[in-house]
Each structure stands twice: as structure tokens, then as C-alpha cells.
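Encoded as C-alpha cells, the structure appears first; notes follow it.
One is the number of the first residue; the rest follow in order along the sequence.
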Amino acid sequence: MKKYRLLAGILSTVLLFSAIFTLPSLAGAESEADSSSVPAITYEDILNHPELQTELKQYLSDYRELVEPDMLDAYDDYVYYLITSIKHRKYEALAVKAYEKCRVDSVKTRVQSYNGMTRTVIPNYQKFIDLMKTIKPAEPQISKLHQQFIKGATLQLEGFKLLQKYFSQAKRNDSLFYKANDKIRSGKNILDKYNVAMLNYVAQF
């Protein structure tokens, strides 16, 4: 039993961390991103490798046999939530990849950054949130956590839109830049809390 619970813990750590958005930075500034915080396997890995998706589904199915009978409904709802979320993560992954290319501000890259935010980051992240909103968990605790996730992701989207506006202007607007930073940071803080809470929830299985 302990072996399986350990595996479940590893699985939840890999899958429940949302793709990490580092904050935008001025050219030449040190990155605030901590490389040690990035998981070894991301949602993008799962999405790009069908064999991992198959292994995940099989693992979750096998693990179900170890779940206490009175916890099966909660477990099934969690599995549904996890698998459905993974399907939508491809849009988040596209937004993350583009965001990392346009988050640094400089005179030479301003137009490129604006185009990246406008054409790729915002549309894909907006679609990701819209799809995540269609998930309606039956289990009350997951539903509450899901609403927390939506709140954090929405704040990040608001930050992206402010950053887009910042890049659209010919001159730097420090006030707007830091306002965008604050929105993205606030969203990330909420998502970090969501991740911890979800890990604690999974631990009951």
C-alpha cells in the first residue's frame, strides 16, 4: 500500500503543477524565475507523448482498486477532473511557450513582443480558461479548488492584457509595466496555493 501511495504522490506532483509563468522583465535584468521550481515532466510532455497519456490512464485505473470503497466517488471525480484538464492544457502550453519568447522588453523586440502577446499568448490562454470553465466537478472540494484555479488563471490573463497594452506603446510606461507584473504575480500566488491544496486533496487516496 505504501508503495502505491508514494507513486500517487509522485504522480500528483508531476501533473498538478500548472505551467509556471515567470514574470516579465526589462532587458538586462536578472530573471526572477527559479529553474529548480520547474517540474521535470510538464503538461506539455504529457500532451506531446501519447504513450504517457496511455500510461497515466492505466495507472489511474489500476490505482482505483486500492481506493477505499467510500472514497471511490471522490476518486473518480478527481480522475475525471485531471484527465479533462490535460486535454485543455495544450492551449496553456502554447501560451507559455510564446510568452517566454516575448516577456523581455527592449526597443528591438517591442513589436515582436506585442505581436506574440496579441496573436498567441492571449488568444490561447483565453481559450484555455474558457475550456477550463466548462469543467463542472461534482465533488464539492474539487469544485471549490477549481474556482480558485480559475481565479488565479484569470488574474494572469488580465496581466497579459496589460503587458500587451504596455508593448503597444512607443515609450515605456513603468507604471503599466509593474501593474501587469503585479497581476501576473497575484495570479501565480493563487495558483501556487491551488497546487498545494490539490496535492493535499490527492493525499487522501
Taking [X] for its side chain and [Y] for its backbone only, find out whether a donor-acceptor pair lies under 3.5 Å.
X	Y	result
Asp77	Asp73	no
Ser168	Lys165	yes
Ser61	Lys57	no
Glu68	Asp70	no
Arg110	Tyr166	yes

Item checked: In one Ile/Leu/Val/Met/Phe/Trp/Tyr side-chain cluster, 4.5 Å: Tyr194, Ile190 -> no
Note to self: Do Val202 and Val196 sit in one hydrophobic cluster, given that two such residues count as connected whenever their side-chain heavy atoms are within less than 4.5 Å of each other, even indirectly?
What the structure shows: no
Got a second to check how far [X]'s [atom1] is from [Y]'s [atom2], nearest 0.5 Å?
X	Y	atom1	atom2	value
Ile184	Leu163	CD1	CG	5.5 Å
Met71	Asp76	CE	CG	11.0 Å
Ile83	Tyr78	CD1	OH	8.5 Å
Phe128	Lys133	CZ	NZ	12.0 Å
Ile129	Thr134	CD1	OG1	12.5 Å

Notebook entry, point to check: Does the side chain to side chain contact (heavy atoms under 4.5 Å, CB included) test come out yes or no for Leu157 and Lys183, once each step is laid out?
Noted result: CA-CA 8 Å; Leu157 178 62; Lys183 284 278 188 179; over 6 Å; no
Would you list the atom pairs, donor with acceptor, under 3.5 Å between side chains in residues 145-152 and any protein atom, with sequence neighbours excluded?
residue, atom, partner, partner atom, Å
His146, ND1, Tyr81, OH, 2.9
His146, NE2, Met132, O, 2.8

Note to self: Is it true that, when you exclude Asn200 itself, more than 12 heavy atoms of the residues, nucleotides or ligands shown sit nearer than 6.0 Å to its CG?
What the structure shows: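 Result for CG/Asn200: enclosed.
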Next item on the list: Please examine the side chains of Tyr75 and Leu60, heavy atoms only from C-beta on, and report whether any two atoms are closer than 4.5 Å.
Entry: yes
Check: Under a 4.5 Å cut-off applied to non-hydrogen side-chain atoms, are Phe167 and Thr118 in contact?
Finding: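 Counting from C-beta outward, Phe167 and Thr118 never come under 4.5 Å.
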Item checked: Lys/Arg N to Asp/Glu carboxylate O, Asp182 vs Arg185, below 4.0 Å ->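 Looking at Arg185 together with Asp182, the answer is yes, because their closest N to O distance falls below 4.0 Å.
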Checklist line | Lys161 bridged to Glu158 by N-O distance under 4.0 Å | finding: no
Checklist line | Parallel, tilted or perpendicular: rings of Tyr63 and Tyr59 (30°, 60°) | finding: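 Answer is parallel, since the angle falls under 30°.
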Over all heavy atoms of both residues, which pair between [X] and [Y] is shortest? Give the atoms and the distance, please.
X	Y	value
Gln141	Glu139	N-OE1, 2.8 Å
Ala180	Gly159	CB-O, 3.6 Å
Ser85	Ile135	OG-CD1, 3.8 Å
Leu94	Thr120	O-CG2, 3.9 Å
Leu155	Gly187	CB-CA, 3.8 Å
Val121	Tyr99	CG2-N, 3.5 Å

Checklist line | Residues Tyr125, Gln156; criterion side-chain hydrogen bond (donor to acceptor under 3.5 Å, both in side chains); working and verdict | finding: CA-CA 9 Å; Tyr125 204 66; Gln156 289 205 132; 3.0 Å; yes
Next item on the list: Would you check if there is a donor-acceptor pair between the side chains of Gln164 and Tyr114 at a distance under 3.5 Å?
Entry: no
Next item on the list: Applying side chain to side chain contact (heavy atoms under 4.5 Å, CB included), run through Val111 and Asn115 and close with a yes or a no.
Entry: CA-CA 6 Å; Val111 173; Asn115 289 337; 3.7 Å; yes
